[in-house]
Amino acid sequence: MNNDDLNIDPKLLKPYNPNDTEDRIYKLWEESGFFNPDICIEKGIAQNDATPFSIVLPPPNVTGTLHIGHASMLVIEDIMVRFARMQGRPTLWLPGTDHASIATQSKVEKILEKEGIRKNDLGRDEFLNRVNTFAQESHDTIVNQMKKMGVSVDWSREAFTLDEKRNLAVRTAFKKMYDDDLIYRGHRIVNWDPKGQTVISDDEVVNEERKAKLYTFKYSADFPISISTTRPETKLGDTAVAVNPNDDRYTQYIGKTYVVDNFCGQKLEIKIVADDHVEKDFGTGALGVTPAHSQIDAEIAVRHNLPTKQVINEFAKMMVGNESILGKKTTEARVNVVEWLKENNLLENEEEVTQNIPTAERSGGIIEPLPKLQWFINVNKPIITRGNKTLKELMLEPIKDGSIDILPDRFEKVYYNWVENLRDWCISRQIWYGHRIPVWYRNDEIYCDIDAPEGDGWIQDEDTLDTWFSSGLWTFSTLGWPDMDSPDLKKYHPTTVLETGYDIIFFWVARMILMSQYLLGEIPFETVYLHGLVRDAKGRKMSKSLGNIIDPLDVAEKYGADAVRMSLVIGTGPGNDSKMSEDKIKAYKHFANKLWNITRFILTYTDTTKLEKNFQNFTETDLDLIKERNELVNTITKEITEYKFYLASDKIYQYTWARLADVILEESRPIYANGTNEEKNSRSQFLIETLEIIIKTLHPFMPFVTEELWSIIPVENKNLLMVTPWPEI
RNA sequence: GCGCGAUUAGCUCAGUUGGUAGAGCAACCCGUUUACACCGGGAAGGUCGCAGGUUCGAGUCCUGCAUCGCGCACCA
C-alpha cells in the first residue's frame, strides 16, 4: 500500500513527538475554557443536574519547585477529574498554592543568610517583601510545571492560602472559635524551637534517636533519694522528686520537703510526692520533677500543686547557677553540672542509653520545652452549637459513621488513634510570614474581631497562625466561604474526594475535618484517597544527597508528559509507596508511539470513506472481539470509579499492545488481503470503533497523545476529546 | 511497649469473593523491504519469607515466628 494515495494526516507518518505536541494541546484546552465547569454547563457539555465532581488541589508550598511526588499527585487527580468531566458531570478542580509559613520563611532566611543579611536587619515589612517576591517566583514556576503535566484545573478560580479572600476566611474562623471559647490564650509548656525562635505544635516535632548518657546522682550528700536523668542541667529547676505510690523503698519520704542549699550554685526546695506516672523499675524509681522544662513533669506539678521554676531561656541558655553554668548553652552547662557532681562526690552512675530527642521538623533544632503564653485550640470543650460535641468528636464522627471513607481503610485506625490522643492544638507562631492573629491589646484590654478595633493605642498580636490553620479551611475558603450564599459553596461543597499523601493525614486531613465540621456543620469531602511516597528504582527516598532525584520536568521533556503520567500511575495503589525509574518512563514513551502507529495502521487499512454507516453485519469473529472489548471498557469504568487507577491503566495498556496490536491487527492483514467485502467491512468497522474507544478510555491517563490522535482520526461533529462523552457500553 | 505494612521469577511489582502461579524490565534464541527497531515470535526462569492449622483444594483464610520498613507512645 502506498501512503501517498491515502488521505492520512502527515503527522502520523513520523514517530510521535511529544515536544511538538504537548504545549500546543495544553493551549487548546486552556483556550476552550472547558477547565471551568461553568463553561461546560453553559455549552451543554456538563449536565447541570448531574452530581457535581469537585476536588481541591492540595496546594503546593511556595518554597521552590515541584518534585516527582507532586507530579504523582497531579496525575492521579487529573485522572479523576478528566474521567468525571467526560461523564458529563459539572467538574471542578480548584488549584492553588500554600504560603507554608515556617517552611517558606526559613527558606528565605537561608537565602538571605548567604548574602549576610538577617531578617531583623530588614525589619518585618521589608523582610515580608522579600518573602513575597520569592513566593511569587515559586508560584510561577509551580504553575508552569503543572501545565506541563497536563493538569485540567480551573485556573480562573486559583487561590492562595495567604491572599485576601483566604485571610478573611481565617479571621472569620478565628473570631468564631474565640467567641465559642474554643480558642484561648494560655501559659503552658510548649515545644520551643530555639533555632527557629518559635513555638511549634506537637505534630511538627520529629523524634530522632540518638545516644545519650543517663546520669544517676543525688542533689546533695544528705538527700535521701538518688535520681537519674539525661539532662542534669535542667535539674536546677527541680521542685520535687516523684516516686511510685507502691514503691516501698520511698514511702517513708512521701510528703516531706528537703532544702538543698547549693546545687551548682542554686538553692532547691524538693518535695517528695507519690505519682502513678513513675515506674518503679526505671532508673532508681525516682523522678526529679522539672515542671518548667518537661510536659510530663508539668502535669505532675499540676497534680501535686508544685511550683514551676524556669531555668532555661529562649536561646537554650541557663538562667541560673554558678559562674560555670549561668548564661551557658544547655549542652555546655550539662558537662559542667556533671563536672560539679563529680567534684562533690554526688555522681553515682553513668550509662550510655539511646533516647529520642525531639527536633523541629523544619529547622532541625532541638526542641526545648518551655513555659510560654500562646494561643491554643481546645479540642475537648463541648460546643453548644454542635450538639455539645467536642472538636475531637466532630473529627471522629464522620469516619466512624462512614460519611467519610478513607482509602486504603487501614488508615482509619491510624486516624482514630491520633485523634483520641490529641491534645490542644498550639496555633500561634513567632513567625512573620503568615496570617496575623486577629487580636489587639491596649493596656489590660483584649479585643478579637475580624477587623481592627476603633480608637488609638491598640496593638495587634505579633504572632501569626500555624500554616495548617488556613489549610484546614481550604475546601471551603476556596469556594467563597464565609459567604454562605456563595453559589460555588452550595454546588461544590462537600467536595467529592480529597487526594493527598498519607504523611499529612494528621496535619491536614484531620484539620480540614475539624474546621469544616465546626464552621459549616458538614464534612469537607466524601472520600480521602491517600497516595504514598515516590521512591527511586531501588526503593530509596529521593534526596539531593543521594543524587537520585527525578525532576518531573526533565523526564517530561525527555519522554513526554504522557509517559511520565503512565509510569506514575501503573503499579501505584493507594497508601503504598511506589518506585520510579527512567526505564519505566521509557517503556510508556514507547507505548505512546505504539498507539500512534496503531492509529496509522488502522487508518491505512480501513478506508473510512467507504464504510457503511451504522453497519451491523459483523462477522462472528468480530462479534466476539466486540464483546471482549466492551467487557474491558466496563471493567475499566468500574475500576476508575473505585479509584483503582493502577489496575485500569494497566488493563488498557495490556489490551492495546498485547491484544489489539500484537494479535488483532496481525490477524487483520489476511482479511484485508484475501477476505470478502463483508469481512473487510466488518473488521474495518470494528477497528475504527475500537480505536475511538481506546483513545477515549486512555485520555484521562495520557491526555496529550490521545487529544492529538483524536484531532486526526475521522469522527463526525467532534469536540475536543477532553469533553467527549466517556464510552457507554 | 502498641499498631500498621511488606516478604511472589535476576530486578520492580500484579494476583480482585480460596479453584492449574502473571506482567514489565534484564538476560537467551529466532525473525523482520514497510503500522511501529520506540518491532514481532519463542523458550527459559518461582518450595509465593519460615512453621503449623482450616479446607476436597491456600499466594489468597487463621495462629505463631523471622527479616525489613513505617506510624504512635515512652524516653527520669
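Only a predicted model underlies this, so the values are computations on that prediction, with no experimental measurement involved. So that the names make sense, note that chain A is the first sequence line, chain B the second, and so on, each numbered from 1.
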* Structure fact -> Contacts of A:D583 and A:V663 projected onto RNA chain B by closest heavy atom; the upstream (5') one is A:D583

* Structure fact -> Sorted by position of nearest nucleotide on RNA chain B, 5' first, the leading residue of A:K235 and A:T599 is A:T599

Across the strands shown, which category fits [X] at heavy-atom distances under 4.0 angstrom: base, sugar-phosphate, nothing?
| X | answer |
| --- | --- |
| A:A212 | nothing |
| A:V278 | base |
| A:T230 | sugar-phosphate |
| A:L214 | sugar-phosphate |
| A:D662 | sugar-phosphate |
| A:R210 | nothing |
| A:I296 | sugar-phosphate |
| A:I598 | base |

Atom [atom1] of [X] to atom [atom2] of [N]: distance rounded to whole Å?
| X | N | atom1 | atom2 | value |
| --- | --- | --- | --- | --- |
| A:L660 | B:G40 | CG | P | 12 Å |
| A:N356 | B:G1 | CG | P | 14 Å |
| A:I602 | B:A35 | CD1 | P | 13 Å |
| A:L709 | B:A35 | CG | P | 18 Å |
| A:L287 | B:C75 | CG | P | 8 Å |
| A:N417 | B:C2 | CG | P | 13 Å |
| A:F411 | B:G3 | CZ | P | 17 Å |
| A:N593 | B:A35 | CG | C1' | 10 Å |

Using only side-chain N and O atoms of [X], determine if any of them is under 4.0 Å from OP1 or OP2 of [N].
| X | N | answer |
| --- | --- | --- |
| A:K14 | B:A35 | no |
| A:H590 | B:G40 | no |
| A:R231 | B:C75 | no |
| A:W657 | B:G40 | yes |

Looking only at atom [atom1], what distance separates [N] and [M], rounded to whole Å?
| N | M | atom1 | value |
| --- | --- | --- | --- |
| B:U12 | B:A27 | C1' | 16 Å |
| B:G57 | B:G53 | P | 12 Å |
| B:U8 | B:C2 | P | 27 Å |
| B:A73 | B:A26 | C1' | 45 Å |
| B:G15 | B:A23 | C1' | 10 Å |
| B:G59 | B:G18 | C1' | 10 Å |
| B:A14 | B:A6 | C1' | 15 Å |
| B:U54 | B:C61 | C1' | 8 Å |

* Could you tell me whether the side chain of A:T290 reaches within less than 4.5 Å of the side chain of A:K235, counting heavy atoms only? => yes

* To do: Taking the side chain as every heavy atom from C-beta outward, state whether A:I200 and A:E361 have any pair of such atoms under 4.5 Å apart.
  => no

* With sequence neighbours excluded, residues passing ring-ring contact (aromatic ring centres under 6.0 Å, His included) with A:F411 -> A:Y502

* Structure fact -> Against the side chain of A:P15, the closest entry in B:C38, B:A14, B:A35 is B:C38

* Of the listed nucleotides B:C72, B:G15, B:A35, the one nearest the side chain of A:K594 -> B:A35

[X] side chain to [Y] side chain, donor-acceptor N/O pair below 3.5 angstrom:
| X | Y | value |
| --- | --- | --- |
| A:Y672 | A:T606 | no |
| A:Y643 | A:E499 | no |
| A:D203 | A:W425 | no |

* Centroid-to-centroid, A:F645 to A:F701, below 6.0 Å? -> no

* salt_bridge(A:K309, A:E269) N-O dist < 4.0 Å -> no

* To do: Indicate the atoms forming the closest heavy-atom contact of A:P224 with A:Y253, along with that distance.
  => CB-CE2, 3.5 Å

* Structure fact -> Heavy-atom closest pair (A:I300 atom, A:A242 atom, distance to 0.1 Å) is CG2-CB, 4.5 Å

* For A:P703, does its backbone N or O pair with a side-chain atom of A:T706 as donor and acceptor, under 3.5 Å? -> yes

N/O to N/O distances under 3.5 Å, protein versus nucleotides 19-23 of chain B:
{"residue": "B:A23", "atom": "O2'", "partner": "A:Q654", "partner atom": "NE2", "Å": "3.0"}

* Could you list all the salt bridge (charged side-chain N to carboxylate O under 4.0 Å, His left out) pairs where at least one residue sits in residues 276-301 of chain A, not counting sequence neighbours? => A:E299-A:R423

* What pattern of brackets, bars and dots sums up RNA chain B from 5' to 3', given Watson-Crick or G-U wobble pairs under 3.5 Å, [ ] for crossing pairs and | for another strand? -> (((((((..((((.....[..))))..(((((....).))))......(((((..]....))))))))))))....

* **Derivation of the side chain to side chain donor-acceptor pair (under 3.5 Å) call for A:E582 and A:Y559** => CA-CA 9 Å; A:E582 284 212 26; A:Y559 304 105; 2.6 Å; yes

* Given A:Q685 and A:S682, is the side chain to side chain donor-acceptor pair (under 3.5 Å) satisfied, shown in steps? -> CA-CA 5 Å; A:Q685 184 74 23; A:S682 172; over 6 Å; no

Measure all distances between protein nitrogen or oxygen atoms and nitrogen or oxygen atoms of nucleotides 4-10 of chain B, and list the pairs falling under 3.5 Å.
{"residue": "B:C4", "atom": "OP1", "partner": "A:K413", "partner atom": "NZ", "Å": "3.0"}

Which side-chain N or O atoms in residues 353-360 of chain A pair as donor and acceptor under 3.5 Å with protein atoms at least two apart or in another chain?
{"residue": "A:Q355", "atom": "OE1", "partner": "A:T230", "partner atom": "OG1", "Å": "3.3"}
{"residue": "A:T359", "atom": "OG1", "partner": "A:V206", "partner atom": "O", "Å": "2.8"}

